[in-house]
Amino acid sequence: LPDIHAVAAHQFDDLDQQQEASSLGIWVFIATEIMFFGGLFTGYTVYRTQYFVSFVAGSHLLDLKLGAFNTAVLIGSSLTMALAVYAAQTGKRKSLVVFLILTMILGSVFLGIKFSEYATKYEHHLIPGIRFAPEGSYPPQMELYFSFYFAMTALHALHMIIGLGLLAALVGMAARGRFSPASHNPVEVIGIYWHFVDIVWIFLFPLLYLVGGR
Amino acid sequence: MSTVSVEDPEPTESPVHYLNVHYGVKSWLLTTDHKRIALLYLASITFFFIVGGTAAVLIRMNLLTPTGLLVEPATYNKLFSIHGIVMVFFFLIPSIPAVLGNFLVPLMIGARDLAFPKLNLLSWYVYIVGGMFTLYAVIAGGVDTGWTFYAPYSSTYSNTHVMATALGVFITGFSSILTGLNFIVTIHKMRAPGMTWFRLPLFIWATYATSVIFILGTPVLGISILLIALERAFHLGFFNPALGGDPLLFQHLFWFYSHPAVYIMILPAMGVESELITCFSKKRIFGYSFVAMSSLAIALLGFLVWAHHMFVAGVSMYAGMVFSILSYLVGVPSSVKVFNWTATLYKGSISYAAPMLYGIGFIGLFSMGGVTGMFLASLGMDVHVHDTYFVIAHFHYIMVGGAVMAYLGGIHFWWPKISGRLYPEGWARFSALVIFLGFNLTFFPQYILGYLGMPRRYPVYPPEFQVLNVMSTAGASILGVGYLIPLIYLIWSMRYGPVASSNPWGAKGLEWETPSPPPTDNFEVTPVVTTEAYDYPSREVNVA
């Protein structure tokens, strides 16, 4: 079968130009994303410095084991994503589909554990603004810590959910044989996005779970 | 207009071009042609300009009398909020980038389209969805936070439609981000053979610098607005002092974007200005690389000055000193531009077509706005005039006197290319003059009012300020008429204007080498560039 997708879109001169454009595009998008999360990280840093004791107390109410396990799950998903990109580059359609699905499974495991952690926080009355009444005495700004915990992890989870949707679309395209070694920009681009979302978590884990040492 | 055209003296309209290649609503709403998307933006930002302008008219009417002529104080709060929000986020920020930028970036660099045409159409839809949320807020009863959404008023106390407005601004931000991304990739990767970085028209450099701000600034506004929304919906404590939150943090995050946003408005205007001044002086720009680099310098320095909005809000004295010095530094690249435009005029063959009238008006008004910006950057002076009409006058000289003048100049300059028709030159010069006079009569008295101590955002004022306020309102009426005239004759010219040749101004630049209006793919053959920008024939210059 002729590779009908190995033709550049009309605005490009050739496939090389198209590929360079899409990879520059995703890096510019990552720059935007860094600034988006950057605002939150800045706020976090300000209050963590100001209210360190409260942030330590809040951090110690998180489940370190679940957080660490989730970190491992996400690093694993980055590995399977990298293998998927490699499979696309070398034109191995079957392993491309398998690695994409594995990435989706690992991503879903992460989200499942994250939501179970949220449920536990709800049971323990640790939802800021709505249901915040921890047992015993607690430092006054612990609610602020949990505001950041939920805002940061939920924004990250939203990026994961969008990533899963994109991966699902990729699986469909890969199964139909849409990609070839000459033309597989979407796999590369979504791969970079997925790694970025993982890296955000690599920063979130120590900032949220490991405040003041454990 | 006495430009001697080197082309056929009686140009005929090219048979198939981007405007008539397809017909029907669907062919516009599903287009991926950057030129058609530019026109979609042109129509929608004109609509929002009318919305914001109506609010401005009501504000000025109310200030005719010391006790407030028209509306209740609460309504007045909503009027200036809507005026600011609509004009900043839905008119000024998309104005030159999304209309002229969309139309011109591929044409000027010799490309068939932007790098991501579907993303470009998506940007427009995102903008429209954001606009709908904001319009809903206006119709449902308005919002009274001012365009700055300061916490904790916006997050806790205001009982107007903050959520819908904030969502509208948040969503529209993504439109800016996607447009900026598209421009950056296009300028990097889609230049025609021979179009090196230092042969790019200066409008492209300015658009590039603007896109950098879109990419790095807009997401910070996004997250700050999102935090306000979360705090309002779920009572989280990011900016709530009762929970340890700090309202100043919101101001820092907000101005981290919203000061650079001023440069989003003025940088593309400066790019247009460079095109106007060179074309109507028939002279290459004085100091090309300095003008190009000053755009990047303004974009980068612009990120380091935000706290000059907060001198009296409780930032430390030392932070104030640093931000004051950095704010002065922005004056350097801005002045480089003004001096270089002026030097370009020197010994040029200057002609005064309507776009040039706007261009020359821009230099004067921008200088005035810029110099008063230096007043505001100084710590002592700022304490005296902070939150007074002095500030209002200052930023209107930049945003209306600068950005809107250049936008109108650009629209006139490229109108033959956009529509394929010439606008009536006499009317255009007349309205440029009316706008210049009306603008100064509106805003110059506000400098004096501010210096005398009239605070911004108040519906009432002491009787001794009435004369100056009446002058300002009278000017606003003249300004309003000045804006209506082009709206009428530009629409008229689309049907009845004389057919334009491909280069009615005798201007340099790839966009003038293709027919007016251009075909869908812009160029029949991809152009090859062999000369630098503004390659006007040089004249013998005798230095005595």
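Lettering of chains follows the sequences in order, A, B, ..., and the numbering in each one begins at 1. Just so we're clear, the structure is a prediction, and the values are computed from it rather than from any experiment.
- Partner A:Met35 forms a side chain to side chain contact (heavy atoms under 4.5 Å, CB included) with one of B:Leu216, B:Ile223, B:Ile215 and no other, that one being B:Leu216.
- Other residues, nucleotides and ligands place no more than 12 heavy atoms under 6.0 Å from the NE2 atom of B:His22.
- Taken to the nearest 0.5 Å, the CD1 atom of B:Ile187 stands 11.0 Å off from the CG atom of A:Leu24.
- Shown here is B:Tyr150, whose OH atom has more than 12 heavy atoms of other residues, nucleotides or ligands within 6.0 Å.
- Between chain A and the residues B:Asp246, B:Thr32, B:Leu253, B:Thr526, the largest count of heavy-atom pairs under 4.5 Å involves B:Asp246.
- Contact detail for A:Ser147 and B:Leu236: the closest heavy-atom pair is OG-CB, 3.7 Å.
- Residue B:Pro106: no heavy atom, backbone or side chain, is found under 4.5 Å from chain A.
- Interface residue B:Leu114: only backbone heavy atoms are found under 4.5 Å from chain A.
- If you measure heavy-atom distances from A:Leu155 to chain B, the contacts under 4.5 Å come from the side chain alone.
- Interface remark: B:Phe256 contributes side-chain atoms only to the contact with chain A (heavy atom separation under 4.5 Å).
- Contacts between B:Ala115 and chain A at a heavy-atom distance below 4.5 Å involve backbone atoms as well as side-chain atoms.
- For chain B, the nearby part of A:Val46 is the side chain; its heavy atoms alone come within less than 4.5 Å.
- For chain A, the option among B:Gly222, B:Ser224, B:Pro117 with the highest count of heavy-atom pairs below 4.5 Å is B:Pro117.
- Side-chain N or O atoms of A:Tyr47 include one that pairs as donor or acceptor with a backbone N or O of B:Phe238 at under 3.5 Å.
- Contacts of B:Ile177 with chain A are made by side-chain atoms alone, with heavy-atom separations under 4.5 Å and no backbone atom involved.
- For A:Phe203, the CZ atom counts as loosely surrounded, since its 6.0 Å shell holds 12 or fewer non-hydrogen atoms of other residues, nucleotides or ligands.
- Heavy-atom distances place no part of A:Phe37 under 4.5 Å from chain B, backbone and side chain included.
- When all heavy atoms are compared, the tightest approach of A:Gln141 to B:Leu243 is CG-O, 3.7 Å.
- Of the atoms belonging to B:Asp521, it is side-chain heavy atoms, and not backbone ones, that fall under 4.5 Å from chain A.
- Summarising the geometry of A:Gln11 relative to B:Met190, their closest heavy-atom pair is O-CE, 3.3 Å, with the distance given to 0.1 Å.
- For A:Leu40 against B:Leu227, the heavy-atom pair with the smallest separation is CD2-CD2, 3.8 Å.
- At most 12 non-hydrogen atoms from other residues, nucleotides or ligands lie less than 6.0 angstrom from CZ of B:Phe234.
- Interface remark: of the candidates A:Phe12, A:Trp27, A:Tyr51, A:Phe12 forms the most heavy-atom pairs closer than 4.5 Å to chain B.
- For chain A, the nearby parts of B:Leu181 are the backbone and the side chain; heavy atoms of each come within less than 4.5 Å.
- Contact annotation for B:Leu221: neither backbone nor side-chain heavy atoms come within less than 4.5 Å of a heavy atom of chain A.
- Few gaps surround CZ on A:Phe115; more than 12 heavy atoms of other groups in view lie less than 6.0 Å from it.
- The residue among A:Ile127, A:Thr42, A:Thr32 with the most heavy atom pairs within less than 4.5 Å of chain B is A:Thr32.
- A salt bridge between A:Asp13 and B:Arg112 is present, with a side-chain N of the basic residue lying under 4.0 Å from a carboxylate O of the acidic one.
- Side-chain atoms of A:Glu143 never come within 3.5 Å of backbone atoms of B:Gly237 as a donor-acceptor pair (strictly under, hydrogens ignored).
- Of the listed residues (B:Asp113, B:Asn182, B:Val185), the one with the most heavy-atom contacts under 4.5 Å to chain A is B:Val185.
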